[in-house]
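Heads up: the structure comes next, in structure tokens.
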Amino acid sequence: MVASFSSYKRIVIKIGSALLVDLEAGLKRDWLNSLCADVNMLREAGCEVLLVSSGAIALGRKQLGLPLRVLKLEESQAAAATGQILLARAYSEALGEHDYQAAQVLLTLGDTEERRRYINARETISTLLKLGAVPIINENDTVATSEIRYGDNDRLGARVATMVSADLLILLSDIDGFYSGVPGQDVGTKRFDRITEITAEIEAMAGDAGTELSKGGMVTKLEAAKIAMAAGTSMVIASGKELYPLKSLFDGGNATWFEAKETPVTARKKWISGQIELGGSIVIDEGAARALSNGKSLLPAGVIQVNGSFSRGDVVAIVTTRGDEVGCGLVSYDAQDAHQIVGCQSDEIESILGMTSRSALIHRDNLVLRTQATHMDKSNA
Ligand code: GLU
């Protein structure tokens with residue numbers, strides 16, 4: 001299967017350490033420059049691009065002269081602190097050649113798993129995209145401890161891709177796809193071109209394809225595929241060994257495509273409408289109800305009452321004065337702040353709350369109307 005990159009609007013590209021860093025020679029600058037030229041190609045075709053880049057620990061361990069063995073946690077934390085600076089500078093320079101601003105975002109597991117922090121991280125990243133920057137994302141390995149870390153950027157890449165509702169996640173590593181066995185070792189091993197469902201049989205085929213530099217073998221790649229596909233993001237595993245790896249991929253190079261069935265937006269809204277415990281409710285007037293059914297966000301001006309003690313990022317019910325529930329959504333304010341802005345115009349929020357904030361109480365991207373939810377339940381059944 002060959003997909004044209006112009007059919008994607010938002011692409012997350014995960015770059016494995018082994019592609020970017022040579023243990024002896026350090027950063028592979030020619031490769032990085034070719035990757036950034038490819039990023040430029042995607043941007044010029046109208047795609048937004050986010051990079052999830054490994055390589056901090058590999059670069060830092062060389063810089064600090066750490067021995068070539070499995071590092072202790074504190075050694076990898078120190079290596080990451082040193083390597084991340086070099087990595088960020090390298091991206092900043094290489095993307096700067098094409099007049100793009102690189103923006104470093106370091107995440108920990110909690111930033112993607114806790115709802116409030118998730119929303120916060122997502123808003124920062126979307127703002128960067130709106131401003132035309134290229135986010136360069138990595139795990140914040142310097143503070144991540146062994147119990148609370150991703151440890152691999154395959155799954156982090158998948159969580160980031162679903163967080164920003166990307167339509168494609170590309171995993172670039174030193175292997176050109178998903179194989180039924182170990183290539184060159186198991187007889188009759190073949191590479192899959194396309195996988196539409198991760199069955200138990202596929203899972204059983206995931207051997208350990210990790211290299212000495214990277215933690216991401218096939219097991220984490222399949223985990224990433226599951227995360228991505230469940231949220232409507234397609235994924236592709238492709239080799240990044242040659243220069244211009246994205247161009248090669250879209251020119252029809254070897255790869256395994258994991259095709260998602262749903263679109264990212266419906267998947268995210270499905271997640272919102274699937275929330276079991278709602279944090280409270282917001283009572284709206286008729287004008288607001290009409291605006292919502294026309295696809296608008298919920299503004300404080302249309303709110304009559306706020307009930308419950310929810311926090312920013314909780315899912316709350318949206319009800320009419322007659323008590324009919326019209327939908328639900330992720331709320332942008334804590335209940336305390338929401339109370340204060342009930343009925344206000346959006347431009348009054350700043351003077352009331354004393355901070356610049358979002359104009360919508362619930363943004364339309366974070367809102368599911370009952371009619372949509374019912375429709376989605378049927379179409380996904
Ligand atoms: N976050 C790690 C680093 O930057 C890499 C994790 C991985 O190899 O997947 O070195």
Side-chain angles (χ1 to χ4, degrees), residues 12-23 25-28 31-32 35 50-92 94 102-113 121 135-161 169-175 178 206 208-228 235 237-241 245:
V12 174
I13 303 154
K14 181 260 170 174
I15 295 128
S17 296
L19 300 177
L20 202 57
V21 184
D22 181 283
L23 279 187
L27 186 77
K28 298 183 190 172
W31 187 86
L32 177 62
L35 174 83
L50 298 91
L51 302 178
V52 172
S53 183
S54 304
I57 297 175
L59 273 177
R61 70 187 294 161
K62 176 181 177 327
Q63 194 74 7
L64 293 174
L66 290 165
L68 262 188
R69 55 160 166 75
V70 175
L71 298 180
K72 294 187 205 131
L73 177 65
E74 61 274 21
E75 288 173 331
S76 35
Q77 289 175 323
T82 315
Q84 187 62 39
I85 287 188
L86 302 174
L87 197 62
R89 186 164 101 193
Y91 274 107
S92 174
Q104 174 180 268
V105 180
L106 299 179
L107 298 174
T108 52
L109 190 63
D111 294 316
T112 59
E113 302 312 290
I136 312 292
I137 301 160
N138 197 359
E139 183 160 16
N140 193 350
D141 295 305
T142 300
V143 295
T145 60
S146 53
E147 302 81 39
I148 45 162
R149 70 199 291 251
Y150 274 95
D152 69 88
N153 276 3
D154 294 326
R155 289 176 309 141
L156 174 66
R159 288 299 274 156
V160 166
L169 165 67
I170 303 176
L171 299 185
L172 287 181
S173 74
D174 51 5
I175 185 149
F178 183 79
D208 180 12
T211 67
E212 56 185 352
L213 281 181
S214 147
K215 294 234 172 65
M218 277 303 150
V219 177
T220 54
K221 288 185 175 48
L222 274 195
E223 286 295 324
K226 281 197 228 161
I227 296 170
M235 189 185 102
I237 299 178
S239 169
K241 275 185 169 166

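Ligands are counted one by one from 1 in listed order, and the atoms in each one are counted from 1 as well.
- The backbone and the side chain of Asn153 each have at least one atom closer than 4.0 Å to an atom of ligand 1 (non-hydrogen atoms only).
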Test side-chain contact (heavy atoms from CB on, under 4.5 Å) on Leu222 and Phe178; report intermediate values, then the result.
CA-CA 9 Å; Leu222 274 195; Phe178 183 79; 3.9 Å; yes

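- Neither the backbone nor the side chain of Leu87 has a heavy atom within less than 4.0 Å of ligand 1.
- Below 3.5 Å of separation, one finds an N or O of Ala56 facing an N or O of ligand 1.
- Of the polar atoms of Glu139, none of the N or O atoms is found under 3.5 Å from an N or O of ligand 1, judged by distance alone.
- Comment: Glu139 does not engage Arg159 in a salt bridge, judged by the lack of any side-chain N to carboxylate O separation of less than 4.0 angstrom.
- In this structure, CG on Leu35 lies 12.5 Å from NZ on Lys28, to the nearest 0.5 angstrom.
- Partner Tyr150 forms a side chain to side chain donor-acceptor pair (under 3.5 Å) with one of Thr220, Asp141, Thr108, Thr112 and no other, that one being Thr112.
- Looking at ligand 1, you won't find any N or O of Gly151 less than 3.5 Å from one of its N or O atoms.
- The shortest N or O to N or O distance between Asp141 and ligand 1 is under 3.5 Å.
- Here the side chains of Asp174 and Lys241 are in contact, with some heavy-atom distance below 4.5 Å.
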